[in-house]
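Report on the following structure.
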Number of protein chains: 2
Amino acid sequence: MSTANPATTTGSRRMPEKRRAIARAASTVFGREGYTRASVDAIASEAGVSKRTIYNHFGDKEKLFLSVVLENAGELTEIIAGLADRHLHKIVDLEADLTAFAVDRAKAVLAAGEHYALGRTIRAEAGNIPPDVLAAWLAAGPLASQRDLADHLTRLASQDLLTLDDPDLAATHFTLLTFSGAADQSFYGAVPISDAALHTTVTTGVQAFLRLYPRP
Amino acid sequence: MSTANPATTTGSRRMPEKRRAIARAASTVFGREGYTRASVDAIASEAGVSKRTIYNHFGDKEKLFLSVVLENAGELTEIIAGLADRHLHKIVDLEADLTAFAVDRAKAVLAAGEHYALGRTIRAEAGNIPPDVLAAWLAAGPLASQRDLADHLTRLASQDLLTLDDPDLAATHFTLLTFSGAADQSFYGAVPISDAALHTTVTTGVQAFLRLYPRP
DNA sequence: GTCTATAAAGTGATAGAC
DNA sequence: GTCTATCACTTTATAGAC
């Protein structure tokens, strides 16, 4: 009955540690296996805790999933915002910078097996997720990122780097042209996409985007 | 797969009738519940046959799923080809005709709870589907439709209705701009999308497409 | 149409850290 | 002493066989 864990402070004083370990493991396993295939035992094993600990912290499997999903959406949104800021804050070459941003964003979202592969699982389970939670996930994730991108595009337009009337629509078009195709090809990360294929998809997408919203 | 017709349903000869009933039921239940949630009992019940009959015809649950998935892709491709032919064969008003086609196509693919809602399930299970089957599904489904659309666009270009260099890329852009957004909004049919929202999405998408590939 | 084996969700009693 | 993790157990559902 020894846990045989040398590194872990067996003392269970602070729960945030264990809770974070569980959340991390859950996002990994849910992202890899999907909701129904992911067993709580597997998550417990991955997290290095017992199953009961998970139930103590999260109540049941569904609540665990929903919690992790929302936390994850926020984290990924911040990562994407960081990428946008890095690539789009100061423009050197508009096409190159947009391309670099789109490639990095696609990799962040579609990176198979990573900690942010939950998007696939959420979409797969959309029909079984309470509408308010689904709305909250959309708001914290895709919609937040789209809004952030729209702000960047607005700024670029104000610098006469491109022409647009409706920033939200332009952001939507950018995502469709530079991301959705790659997401579709890779089944949202379930099947790996080669760097070459990703680059090709993004490059042609950015070119189309710039034909839609050209410099004035 | 067309054989001589057995007039009697309860005949002791071959029974494609039952097989078709099973396939139909399976596509409905798999599409509605997803792979793991769909029980073979539920499919048997929906088909009005015994579970044993299913195992006799299809071997096991996975083979049943893979069979149905491939059949379904072919059927949906034919339906979409019919829609394209109806709306795009003789153009009256290019924007209106493209819009009508895109709306009908989106409804056909995203119609929640219908017999062709399997696309969602396939995408959800992509990581667990053998790569060769996945490739076959892509070829019989999305790629075939994309190819068909590219042919239509080529013809329209030859009639000087639009300008394009790469028909396949243009077809991809059309699908991205007029379908992918709606698919994303509705989680591939899991969440219903209003007619108004669909029409708006498609209309703006067609307009963007025509700005990308304008009349010469 | 019934039966079995299995796997997984969820729970209760116990041991141990502070 | 209290609080929390752990293990063993129960229950339920389902794939597949007879």
Side-chain angles (χ1 to χ4, degrees), chain A residues 1-69 121 124-125 127-130 133, chain B residues 9-10 12 15 18-19 21-23 25-69 118 121 124-125 127-130 133:
Chain A
M1 46 206 63
S2 62
T3 50
N5 270 353
T8 49
T9 46
T10 46
S12 49
R13 293 184 59 242
R14 304 312 295 164
M15 47 168 121
E17 297 298 324
K18 297 260 170 164
R19 204 198 138 97
R20 277 182 55 85
I22 294 166
R24 200 178 173 77
S27 78
T28 301
V29 177
F30 279 134
R32 190 176 58 221
E33 312 274 353
Y35 180 78
T36 47
R37 285 182 146 93
S39 75
V40 179
D41 283 301
I43 295 169
S45 179
E46 174 91 16
V49 303
S50 89
K51 189 166 58 165
R52 194 65 167 92
T53 304
I54 294 181
Y55 282 96
N56 285 340
H57 274 289
F58 291 93
D60 62 15
K61 186 183 178 182
E62 186 182 341
K63 290 203 192 77
L64 169 63
F65 179 69
L66 298 178
S67 297
V68 169
V69 148
T121 303
E125 292 294 327
N128 302 304
I129 294 179
V133 177
Chain B
T9 53
T10 54
S12 58
M15 37 174 120
K18 296 253 171 158
R19 204 199 136 97
I22 294 168
S27 79
T28 301
V29 177
F30 278 133
R32 189 177 60 221
E33 311 275 354
Y35 179 78
T36 47
R37 286 182 147 94
S39 75
V40 180
D41 284 300
I43 294 168
S45 178
E46 174 91 15
V49 303
S50 91
K51 196 163 53 161
R52 183 54 195 259
T53 307
I54 293 182
Y55 282 97
N56 284 341
H57 274 287
F58 292 92
D60 63 14
K61 185 183 178 181
E62 186 183 340
K63 291 203 191 75
L64 169 63
F65 178 69
L66 298 177
S67 297
V68 168
V69 149
L118 262 178
T121 304
E125 292 293 327
N128 301 305
I129 293 180
V133 178

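Order of the sequence lines sets the chain letters (A, B, ...), proteins ahead of strands, with each chain counted from 1.
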Query raised in the report: Could you give the CD1-to-C1' distance, from A:Ile22 to D:dA5, as a whole number of Å?
Result: 10 Å
Requested in this report: Check side-chain contact (heavy atoms from CB on, under 4.5 Å) between A:Asn56 and all other residues, then give those that pass, not counting sequence neighbours.
Outcome: A:Arg52
Requested in this report: Could you work out which one of C:dA9, D:dA17, D:dA5 sits closest to the side chain of B:Lys51?
Outcome: D:dA17
Query raised in the report: For B:Ser50, which contact category applies under a 4.0 Å heavy-atom criterion: base, sugar-phosphate, or nothing?
Result: nothing
**Report entry** Separation of atom CD in B:Glu62 from atom P in D:dA15, rounded to whole Å
**Finding:** 13 Å
**Report entry** Value in whole Å for how far the P atom of D:dT14 lies from NZ of B:Lys61
**Finding:** 9 Å
Requested in this report: Find the distance B:Asp41:CG to D:dG16:P and express it as a whole number of Å.
Outcome: 11 Å
Report summary line: When rounded to whole Å, the CG to C1' distance for the pair A:Asn56 and C:dT14 reads 14 Å
Query - Between D:dA15 (P) and B:Phe65 (CZ): distance, integer Å - result: 14 Å
Requested in this report: Find the distance A:Arg52:CZ to D:dT10:C1' and express it as a whole number of Å.
Outcome: 13 Å
Requested in this report: Look at the side chain of B:Val40 and decide which nucleotide, out of C:dA9, D:dA15, D:dT6, has an atom nearest to it.
Outcome: D:dA15
Query raised in the report: To the side chain of A:Ser39, which of C:dA8, C:dA13, D:dT14 is closest?
Result: C:dA8
Requested in this report: Tell me whether the OP1 or OP2 atom of D:dA5 has a side-chain N or O from A:His57 closer than 4.0 Å.
Outcome: yes
Query raised in the report: Which nucleotide in the list C:dG12, D:dA5, C:dG10 gets nearest to the side chain of A:Asp60?
Result: C:dG10
Query raised in the report: Which part of the nucleic acid, if any, lies within reach of B:Ala44 when heavy atoms closer than 4.0 Å are counted: base, sugar-phosphate only, or nothing?
Result: nothing
Query raised in the report: Looking at A:Tyr55, does the NZ or CZ of A:Lys61 lie under 6.0 angstrom from its six-membered ring centre and within 45 degrees of the ring axis?
Result: no
**Report entry** Separation of D:dA13 C1' from B:Arg37 CZ (nearest whole Å)
**Finding:** 13 Å
Query raised in the report: Out of C:dT11, D:dG16, D:dT6, which has the shortest distance to the side chain of B:Tyr55?
Result: D:dG16
Please list each protein N or O that sits under 3.5 Å from an N or O in nucleotides 4-6 of chain C, with the distance.
none

